[in-house]
> 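Sharing a structure, written as structure tokens. Questions coming.
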Amino acid sequence: MKNEASHLVSGGSAPSFSRVGAGALKRMAVWTLGLIGFIVSAGAENLGYTLALFTAFWLAMLATENRSRNFLHPLVAFPLFYYPYSTWYSYSALLQGTEDLHLLYLSVHYAFAGLLVFYVAGMALLPGRREKNRAPRIRFADVQIGEKAVIGVCLLAIAFSFHRVLEGGFISKRELSDSASSLVAAAGFAFWLLTAVVLLALVRRRHARTKLGRLWFVVVAFFVLEYLLAGQRDYLFRLLICAAFLYFDHRRMAGLPVLLTVLFVVSLLLPLTQMFKAMVIAESLGPWNSELGALFLSEFSSASKNLYVLIQHGFEPSWSFVWSDIVRGLVPFGEVYGFQSTGAWFHWIYRPDEGIGGTSGWGFGLVAQGVLVGGLPGIALVMGSVAVILALLYKRRMRSEYWYVFYLLALSTSLYCIRADLANLLSQTFKVGGLCVLGLYAIRRYSAFLGGGMSAPRPAAAEKAADPAPLGRPPREKAGAR
């Protein structure tokens, strides 16, 4: 106590627990204000009030949680994209004046509840203190023959899929997906593997000062070709958003204005990139709408639109949609045993039964699934589960570059799955992303058995003793070391 008192008297900083306590109070204040706003919107039942209160809570949450300017934090990245997915359709309907305002209010009100649950679950698992700018432990400093072999096999598989697409006479992405589903799935897994390898190389380059060769430009070119040829922009967007996460995690310059600028740029790119999807096989560009309303008719409007349609046409709540999604998402080949995801049910059963037309661009939605499961309790279950998964993986990301990349893939997947369902979130996070990272680690860990010239992994004792160095700074050498 004397040392602490003398430290404070001499001008030192206050104990860390006081700063943590202040941060916790700010978080609770923001969440409490959000809860009050949610209750007020429930009483008012007014779309304008609900949108204003939801927006104010969203901005306050971003400003509070982004003290470290860390775009990588789940309480920053996920809410940033959750908001447009939850409100864009309402803004579009207000501009056009075509939909029921009360049903639009309900859709935004439910989304408001989902963000409240996500925030309180994230607060419970993640501390509110300012984080140090540190790097993950790097187990292997460069790319060796095992990973290069993976890159070669993936590029060959994708090149073969390009050949089949060009020779197959397909004229649209929908026709390609319906007629060559196995080919699309194989190419998709190859792109997942390539994404994981590229991210590992970027992490090592940033934190271990390794260089990227020309091969990586060839790999990125394949992502662009897949988008132009087959219309799959998800793979390219996943790679770009993960690269953005890495950049801002290193620079720590993603303040609130930067985050809003990123969101604005993405909102402009979504309708623009829609024009170029599958332009090679379609032999034409898609339509372009220059009106303001077109900004809100992009992919961001899909989740709130699906929720609106679900409320409008009615449904029978059932908790079976959760259990079926868990089995479908975690059990290999779960669809073979008759387990169907909620999004597939919505597309193949609900929409035809209700006479709802359209063929693509729908997806489903995490909030819509929560409402389908059981109203507000269902939303709490679904959104709480998403927050727990992201928070636990975020806390483990510094253990190695593999954990770091696993978290990047999981975070990007969660952004995509805002307009999907739990089955897609679990499947893409653990069965696909987890399998890719685990496979790359196994190849690298035992690459010494594949040939000469490959470095062995660092001893376990050295890994435990090595403390992650700050980002952008190489580890210091011990005195006298040569």
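Just so you know, these numbers come straight off a predicted model, no measurement behind them. For reference, positions follow the sequence shown, starting with 1.
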> Any donor and acceptor pair, going by atom type alone, linking the side chain of N306 with main-chain N or O of S302 inside 3.5 Å?
yes

> Assess whether side-chain contact (heavy atoms from CB on, under 4.5 Å) is satisfied between F346 and R351, documenting all intermediate values.
CA-CA 6 Å; F346 180 73; R351 283 171 53 193; 3.7 Å; yes

> Taking all non-hydrogen atoms of both residues into account, name the closest pair between A243 and L202 and its distance.
CB-CD1, 4.4 Å

> Using side-chain contact (heavy atoms from CB on, under 4.5 Å), reason through L101 and L94 one step at a time and then give a plain yes or no.
CA-CA 8 Å; L101 293 182; L94 284 174; 3.7 Å; yes

> Where do A196 and L440 come nearest, in terms of heavy atoms and distance?
CB-CD1, 3.6 Å

> Mind telling me whether W345 and Y350 have parallel, tilted or perpendicular rings, with 30° and 60° as the class edges?
tilted

> Taking the side chain as every heavy atom from C-beta outward, state whether F189 and C154 have any atom pair closer than 4.5 Å.
no

> Got F430 and I389 here, is their nearest side-chain heavy-atom distance under 4.5 Å?
yes

> Are F71 and Y247 near enough that their ring centres are under 6.0 Å apart?
no

> In a check of side-chain contact (heavy atoms from CB on, under 4.5 Å) between C242 and each of L199, L411, V198, L72, which one passes?
L199

> Give the minimum heavy-atom separation between F222 and A159, together with the two atoms involved.
CE2-N, 4.1 Å

> Taking side-chain contact (heavy atoms from CB on, under 4.5 Å) as the criterion, tell me which of L200, T413, T195, L246 meets it with L408.
L246

> To the nearest 0.5 Å, how far apart are CZ in F406 and OG in S400?
11.5 Å

> Indicate yes or no: does E226 engage R233 in a salt bridge with an N to O separation below 4.0 Å.
no

> Below 30° counts as parallel, above 60° as perpendicular, anything between as tilted: where do the rings of F191 and F223 land?
perpendicular

> Are the side chain of S427 and the backbone N or O of N424 linked by a donor-acceptor pair below 3.5 Å?
no

> How close do G122 and R27 get, counting heavy atoms only, and between which atoms?
O-NH2, 4.4 Å

> Going by distance alone, is a donor N or O of one side chain under 3.5 Å from an acceptor N or O of the other, for T342 and D325?
yes

> Does Q96 reach the side chain of Y91, with side-chain heavy atoms less than 4.5 Å apart?
no

> From E147 CD over to I443 CD1, what is the distance, rounded to the nearest 0.5 angstrom?
8.0 Å

> When you look at T55 and Y83, which way does the side-chain contact (heavy atoms from CB on, under 4.5 Å) test go after all the steps?
CA-CA 8 Å; T55 304; Y83 177 81; 2.5 Å; yes

> Just how far is it from atom CZ of F81 to atom CD1 of I418, taken to the nearest 0.5 Å?
8.5 Å

> For the residue pair Y404 and D249, confirm or rule out a side-chain donor-acceptor distance under 3.5 Å.
yes

> Do any N or O atoms from the side chain of T64 and from the backbone of M61 form a donor-acceptor pair under 3.5 angstrom?
no

> With heavy-atom distances below 4.5 Å as the criterion, would you say the side chains of F264 and L260 are in contact?
no

> What is the distance from atom OH of Y407 to atom OG1 of T429, rounded to the nearest 0.5 Å?
11.0 Å

> Looking only at heavy atoms, what is the nearest atom pair of L310 and F315, with distance?
O-CD2, 3.5 Å

> Check whether any side-chain heavy atom of S318 lies under 4.5 Å from a side-chain heavy atom of L372, and answer yes or no.
no

> Any chance you could measure S41, atom OG, to N46, atom CG, to the nearest 0.5 Å?
10.0 Å

> side-chain contact (heavy atoms from CB on, under 4.5 Å) for L116 and W31? Distances and angles first, verdict last.
CA-CA 7 Å; L116 282 169; W31 187 83; 3.8 Å; yes

> So does L422 get a backbone contact from the side chain of Q369, meaning a donor-acceptor N/O pair under 3.5 Å?
yes

> Can you name the nearest heavy-atom pair linking L392 to R396, along with the distance?
O-NH1, 3.2 Å

> Should the heavy atoms of other residues, nucleotides or ligands under 6.0 Å from CZ of F38 be counted, would the total exceed 12?
yes

> Hey, does E65 have a side-chain heavy atom less than 4.5 Å from the side chain of Y119?
yes

> Without hydrogens or angle criteria, can the side chains of R328 and S341 be said to hold a donor-acceptor pair below 3.5 Å?
no

> Any side-chain to backbone donor/acceptor pair from R397 onto Y394? Under 3.5 Å, distance only.
yes

> Taking atom types as modelled, is there a side-chain donor on Q428 or Y416 under 3.5 Å from an acceptor on the other?
no

> Check whether Y110 reaches the backbone of G370 with its side chain - one donor and one acceptor, N or O, closer than 3.5 Å.
no

> Taking S324 for its side chain and Q340 for its backbone only, find out whether a donor-acceptor pair lies under 3.5 Å.
yes

> Taking atom types as modelled, is there a side-chain donor on E99 or Y308 under 3.5 Å from an acceptor on the other?
yes

> Would you give the length of the straight line joining atom OG of S86 to atom CG of L307, rounded to the nearest 0.5 angstrom?
8.5 Å

> side-chain hydrogen bond (donor to acceptor under 3.5 Å, both in side chains), that's the test. Do Y105 and S90 meet it? Break it down for me.
CA-CA 8 Å; Y105 149 76; S90 295; over 6 Å; no

> Using only atom types and a distance under 3.5 Å, with no angle test, would you say the side chain of W58 pairs donor to acceptor with the backbone of P79?
yes

> Is a donor from one side chain sitting under 3.5 angstrom from an acceptor on the other, for H109 and T50?
no

> Cation-pi check for Y235 against R238: NZ or CZ below 6.0 Å from the six-membered ring centre and within 45 degrees of the axis, yes or no?
no

> Report yes if some heavy atom in the side chain of Y89 is under 4.5 Å from a heavy atom in the side chain of S107; otherwise report no.
no

> For residues V266 and F300, determine if any side-chain heavy atom of one lies less than 4.5 Å from a side-chain heavy atom of the other.
yes

> Just checking K431: does its NZ atom have more than 12 heavy atoms from other residues, nucleotides or ligands closer to it than 6.0 angstrom?
yes

> Could you tell me if S301 and Y85 have a donor-acceptor pair between their side chains, going purely by distance under 3.5 Å?
no

